Protein chains: 2
Amino acid sequence: MFSIGQLSSQAQVKVPTIRYYEDIGLIDPPHRSEGNQRRYEPDALSRLTFIRHARDLGLSIDAIKDLIVLNANPDMPCKEAHVIANQHLKDLQRKITQLQQLSVELTRITQNCNSDTVGHCKVLEALGDHSSCKTDH
Amino acid sequence: MFSIGQLSSQAQVKVPTIRYYEDIGLIDPPHRSEGNQRRYEPDALSRLTFIRHARDLGLSIDAIKDLIVLNANPDMPCKEAHVIANQHLKDLQRKITQLQQLSVELTRITQNCNSDTVGHCKVLEALGDHSSCKTDH
DNA sequence: GTAATTGCTCTAGTCACTAGAGGTTCAAGT
DNA sequence: ACTTGAACCTCTAGTGACTAGAGCAATTAC
């Protein structure tokens with residue numbers, strides 16, 4: 001039996017976040033003490049660890065909801081879990097590519113200015129003029 | 001003189017977004033027609049283009065506000081603009097590194113499962129168990 | 001028994017927009 | 001001049017995933 005604070009420190013998820021997860025139906029409402037405080041069973045910890053890990057990997061709450069349903073049915077084909085993970089992986093790689101382009105662009109912009117004053121600053125100039133960019137964004 | 005719709009299509013910024021930028025003080029309120037519709041001067045277009053480009057590069061609204069103040073004073077030293085841009089570049093590169101780690105992790109997780117059913121699915125297992133991960137996140 | 005800590009609910013705020021309701025003005029065609 | 005339909009107006013509320021704070025109650029340690 002954990003209090004919410006113990007669960008929080010074990011799972012590395014903040015107390016208000018746990019209550020928030022309960023609100024949106026991501027975790028089940030636990031039993032309460034006589035004084036109305038939450039008391040968790042150990043399985044709440046594994047559920048929360050699962051959620052936290054998936055969140056850390058960047059999965060959305062909605063994707064996690066789907067995975068939790070899957071997780072609850074050990075006989076279901078797990079193809080769907082792979083689809084979710086692969087979809088996320090694709091998103092991730094697209095995002096990385098885009099950020100890398102931006103990084104290149106911003107590096108070019110900042111290294112291009114020899115001016116001391118705003119009037120001739122290439123950084124500000126480049127920000128006002130997309131045509132100097134090498135890539136789409 | 002542009003209507004808000006013309007400004008929108010020229011700057012590639014959606015109409016409600018332009019009004020939002022006005023609300024938060026990122027662009028100046030323009031003159032109005034007799035019927036109370038917004039009428040923009042050409043300089044609103046360059047301002048908006050500047051904002052859009054900076055947003056596309058991932059700068060926050062607050063950072064852009066700072067840059068706009070700088071932009072308005074051509075005699076100021078532009079060091080500050082460089083500081084803002086470099087700070088953002090650092091953030092960007094940290095983010096890229098992190099996403100790459102996640103991508104590696106997720107790839108490893110999804111390629112590790114030969115099971116057909118959820119009961120033995122390594123994807124779901126790995127999500128519940130951070131200790132199998134090679135990196136922090 | 002008392003004090004400190006932890007817990008409770010509820011509301012509102014964050015960021016950068018986006019969506020929708022319900023009404024008004026403008027520009028083009030007749 | 002008149003009509004139609006697109007574009008415009010304001011205002012409120014919603015998004016995602018939390019976070020912050022107020023004001024109070026329960027628990028735990030000494």
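All figures in this text were calculated on a predicted structure; none of them were measured in a lab. Letters A, B, ... mirror the listed sequences (proteins, then strands); counts begin at 1.
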Subject >> Residues which pass side-chain hydrogen bond (donor to acceptor under 3.5 Å, both in side chains) with B:E41, listed by chain and number, not counting sequence neighbours >> reply: none

**OP:** Kindly indicate, with the supporting measurements, whether the criterion side-chain contact (heavy atoms from CB on, under 4.5 Å) is fulfilled by B:R32 and B:R38.
**Re:** CA-CA 5 Å; B:R32 299 287 185 127; B:R38 291 170 178 80; 3.4 Å; yes

Subject >> Axis-to-axis angle between the two ends of the helix from C:dG1-D:dC30 to C:dT30-D:dA1 (five base pairs per end, rounded to 10 degrees) >> reply: 10°

**OP:** Hey, could you give me the CG/CG distance between B:L59 and B:D66, rounded to the nearest 0.5 Å?
**Re:** 10.5 Å

Subject >> Upstream residue (5' side of DNA chain C) when B:G35 and B:D62 are each assigned their closest nucleotide >> reply: B:D62

Subject >> Distance (rounded to the nearest 0.5 Å) between B:S60 OG and B:I84 CD1 >> reply: 8.5 Å

Original post:
What do the steps show when you test A:L48 against A:Y40 for side-chain contact (heavy atoms from CB on, under 4.5 Å), and what is the final call?
Top reply: CA-CA 11 Å; A:L48 200 51; A:Y40 294 92; over 6 Å; no

Subject >> Rounded distance (nearest 0.5 Å) linking atom CD1 of B:I61 with atom CD1 of B:I24 >> reply: 4.5 Å

Subject >> Any donor-acceptor pair under 3.5 Å from B:T49 side chain to B:L45 backbone >> reply: yes

Show every donor-acceptor pair shorter than 3.5 Å between a side-chain atom in residues 85-96 of chain B and any protein atom, with sequence neighbours excluded, or say none if there are none.
from: B:N86; atom 1: ND2; to: B:H82; atom 2: O; distance (Å): 3.1
from: B:Q87; atom 1: NE2; to: B:D91; atom 2: OD1; distance (Å): 3.1
from: B:H88; atom 1: NE2; to: B:L57; atom 2: O; distance (Å): 2.8
from: B:D91; atom 1: OD1; to: B:R94; atom 2: NH2; distance (Å): 3.1
from: B:Q93; atom 1: NE2; to: A:S103; atom 2: OG; distance (Å): 3.2

Subject >> Euclidean distance, atom CD1 of residue A:I51 to atom P of D:dA17 [Å, nearest integer] >> reply: 12 Å

Original post:
If you measure from CZ on B:R55 to OG1 on B:T17, what distance do you get to the nearest 0.5 Å?
Top reply: 10.0 Å

Subject >> CG-CD1 distance between A:N71 and A:I64, expressed to the nearest 0.5 angstrom >> reply: 11.5 Å

Original post:
So, are B:D23 and B:R19 salt-bridged, with charged N and O less than 4.0 Å apart?
Top reply: no

**OP:** Pull out every residue in residues 22-34 of chain A that has a heavy atom closer than 4.0 Å to any atom of DNA chain D, ordered by number, or say none.
**Re:** A:S33

Original post:
At what distance, to the nearest 0.5 angstrom, does CD1 of A:I27 lie from CZ of A:F50?
Top reply: 14.0 Å

Original post:
Hey, is CD on B:Q100 packed in by over 12 heavy atoms from elsewhere, all under 6.0 Å?
Top reply: yes

Pairs under 3.5 Å (N/O, protein and nucleotides 19-23 of chain D):
from: D:dT19; atom 1: OP2; to: A:T17; atom 2: OG1; distance (Å): 2.9

Using a cutoff of under 3.5 Å, can you pull out all pairs of nitrogen or oxygen atoms linking the protein to nucleotides 3-7 of chain C, with atom names and distances?
from: C:dG7; atom 1: OP1; to: A:S3; atom 2: OG; distance (Å): 3.0
from: C:dG7; atom 1: OP1; to: A:G5; atom 2: N; distance (Å): 2.4

Original post:
Any side-chain N or O of A:Y21 under 4.0 Å from OP1/OP2 of D:dC18?
Top reply: yes

